[in-house]
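Below: the structure, in structure tokens.
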2 protein chains.
Amino acid sequence: MSVDGDRRRGPERSRRLPREVRERQILDAAVRVFSEHGYHYASMDEISDVAGVSKPMIYAYLGAKEDLFTECIRREAIGLMEAISKGVRSELTPDMQLWHGLDAFFGYVDDHRESWLVLHRQATSAGGPFSRQLLEMRARAITLIDALLTKTASSEGMDSQARKGTEAHAAALVGACESLADWWLDHPDIPARVLATRAMNLVWMGFGDLMEGNVWTPTHPES
Amino acid sequence: MSVDGDRRRGPERSRRLPREVRERQILDAAVRVFSEHGYHYASMDEISDVAGVSKPMIYAYLGAKEDLFTECIRREAIGLMEAISKGVRSELTPDMQLWHGLDAFFGYVDDHRESWLVLHRQATSAGGPFSRQLLEMRARAITLIDALLTKTASSEGMDSQARKGTEAHAAALVGACESLADWWLDHPDIPARVLATRAMNLVWMGFGDLMEGNVWTPTHPES
DNA sequence: ACGTAGCCTTACTCCGGAGTAGGTAGCGGA
DNA sequence: TCCGCTACCTACTCCGGAGTAAGGCTACGT
């Protein structure tokens with residue numbers, strides 16, 4: 001029984017491959033395993049097993065466990081950012097840019113659930129040097145969105161009041177999207193585009209209202 | 001040098017206290033340490049040290065590390081829910097209920113950053129049995145908010161279109177708040193009420209627009 | 001006075017898993 | 001054919017930290 005021993009091996013144990021290929025295999029395996037068990041419960045033994053490679057190879061090519069994880073984060077973060085960049089074409093109007101960005105984001109998460117898990121859930125919590133990469137990425141996203149909102153706000157003739165709030169608004173949007181993505185992992189039946197549209201409406205409409213001075217206050221008279 | 005050894009001890013090592021008190025001390029210490037280092041990097045030794053108690057006491061009273069952590073989650077989750085419940089008085093209009101709930105939430109996070117850290121960041125990522133508690137709490141929050149939105153939607157005479165989206169909208173709100181709270185940890189200078197108001201505007205206004213059929217679409221003609 | 005119950009400690013065991021030492025196998029060049 | 005280089009593996013070491021065995025002190029009941 002338990003013929004199981006090596007069922008999870010990835011590539012058929014092939015020999016003497018160039019370093020580049022091995023590194024890819026290892027990183028792929030690492031992302032798989034980290035996303036499945038979380039950083040701490042993932043063992044180097046399992047990663048090496050899944051990669052179809054022995055443990056010392058990992059240390060030789062990618063370094064210690066922390067380094068390996070960091071490299072995973074880096075690679076996946078770059079992938080995500082590239083995916084989003086492809087969506088945001090600067091000749092479009094701000095709202096279209098935002099929408100395409102959102103669409104690309106949810107599309108990426110849809111296609112790379114494991115990557116997203118590693119990137120967001122794991123890196124966020126396994127504190128220290130790991131979250132750096134994340135915070136940086138998030139900061140870039142916020143800045144980008146802030147720029148779009150600001151552009152719209154000024155072209156729409158709005159200032160002071162609405163303007164100073166754009167960054168927090170952008171942060172809220174980013175946060176909302178991250179959470180939506182996480183929530184989505186447990187409700188996989190919803191198509192990506194629907195999520196993107198929902199996020200868009202959530203924020204863009206609220207933002208439009210803000211710009212028009214249409215603000216809810218605790219003493220709101222309605223209903 | 002390093003007279004430091006026991007500087008972090010909490011209560012002045014006092015003897016023969018009743019079990020009830022010790023349990024409180026231990027849980028307090030555990031929340032402190034878990035929030036500071038994260039579940040895995042937190043050691044039982046440090047917790048016992050901070051609690052001013054020896055390690056076997058923890059095992060005698062609260063059980064293994066997992067049990068201890070679970071108990072922390074439980075206690076803090078109950079605390080948060082109670083704080084929110086105090087805000088939401090059912091004789092108010094839905095929008096006021098929502099606003100008081102949000103205000104209570106951000107107020108709680110403001111007063112209990114450590115608790116929130118443990119509750120959200122740690123429990124979310126240190127997967128398995130821990131996140132149960134969280135998912136359950138979140139689910140309750142979503143249901144509650146969904147009810148408020150639905151009530152408003154129907155009293156406002158809206159149906160089908162807007163109605164089926166309320167749950168996802170509620171999920172988005174919850175997610176947005178969680179992220180706002182996390183983001184807030186790194187921007188502590190903002191008062192809680194401002195965050196609550198911002199969240200309220202983000203969602204309520206967007207929701208109002210949705211109900212009025214004022215929806216953004218990719219082919220939106222504006223600007 | 002003496003038992004006993006429960007608070008509390010020191011000083012261990014033990015193991016999973018990170019990281020490594022040292023050797024083998026196949027390939028390119030002379 | 002031999003050298004040596006690089007890809008690669010087996011088989012360890014070693015340690016942090018979870019969990020525990022075994023007993024000491026104090027208070028109270030009788």
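Throughout, protein chains are lettered first and strands after them, A, B, ... in sequence-line order, and every chain is numbered starting at 1.
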message = For A:D67 and A:R74: C-alpha separation, side-chain torsions, deciding distance, then whether salt bridge (charged side-chain N to carboxylate O under 4.0 Å, His left out) applies.
response = CA-CA 10 Å; A:D67 303 323; A:R74 226 181 62 83; over 6 Å; no
Between [X] ([atom1]) and [N] ([atom2]), how many Å, whole number?
X     : N      : atom1 : atom2 : value
A:Y61 : D:dA7  : OH    : P     : 5 Å
B:M57 : C:dG6  : CE    : C1'   : 9 Å
A:I26 : D:dC8  : CD1   : C1'   : 11 Å
B:R19 : C:dC8  : CZ    : P     : 11 Å
B:M44 : C:dA11 : CE    : P     : 20 Å
B:L17 : D:dA27 : CG    : C1'   : 14 Å
B:I58 : C:dC7  : CD1   : P     : 16 Å
A:K55 : C:dG23 : NZ    : P     : 19 Å

message = Any base atoms under 4.0 Å from A:A64, or only sugar-phosphate, or nothing? Heavy atoms, all strands.
response = sugar-phosphate
inquiry  = Any non-hydrogen side-chain atom of B:W99 less than 4.5 Å from a side-chain atom of B:L92?
reply    = no
By nearest atom, which of the nucleotides [options] is closest to the [X] side chain?
X     : options                : answer
B:S54 : D:dG17, C:dC8, C:dA18  : C:dC8
B:R16 : C:dA18, D:dC9, C:dG6   : C:dG6
B:P56 : C:dG19, D:dT20, D:dA18 : D:dT20
A:Y59 : C:dA18, D:dC8, D:dA21  : C:dA18

ask   = Counting just side-chain N and O atoms, does B:R22 come under 4.0 Å of either OP1 or OP2 of C:dC8?
value = yes
inquiry  = At less than 4.0 Å, is any side-chain N or O atom of B:Y41 found next to OP1 or OP2 of D:dG17? Yes or no.
reply    = no
message = Does this structure show an ion pair linking B:R19 with B:E23, if we count only N-O contacts that are shorter than 4.0 Å?
response = yes
Base C:dG19 paired with A:K65 side chain (donor-acceptor, <3.5 Å) = no
ask   = Run the salt bridge (charged side-chain N to carboxylate O under 4.0 Å, His left out) check on A:D110 and A:R193 step by step: do they pass?
value = CA-CA 10 Å; A:D110 199 14; A:R193 189 131 309 170; over 6 Å; no
key: Geometric class of the A:F105/A:W116 ring pair [parallel <30°, tilted 30-60°, perpendicular >60°]   = perpendicular
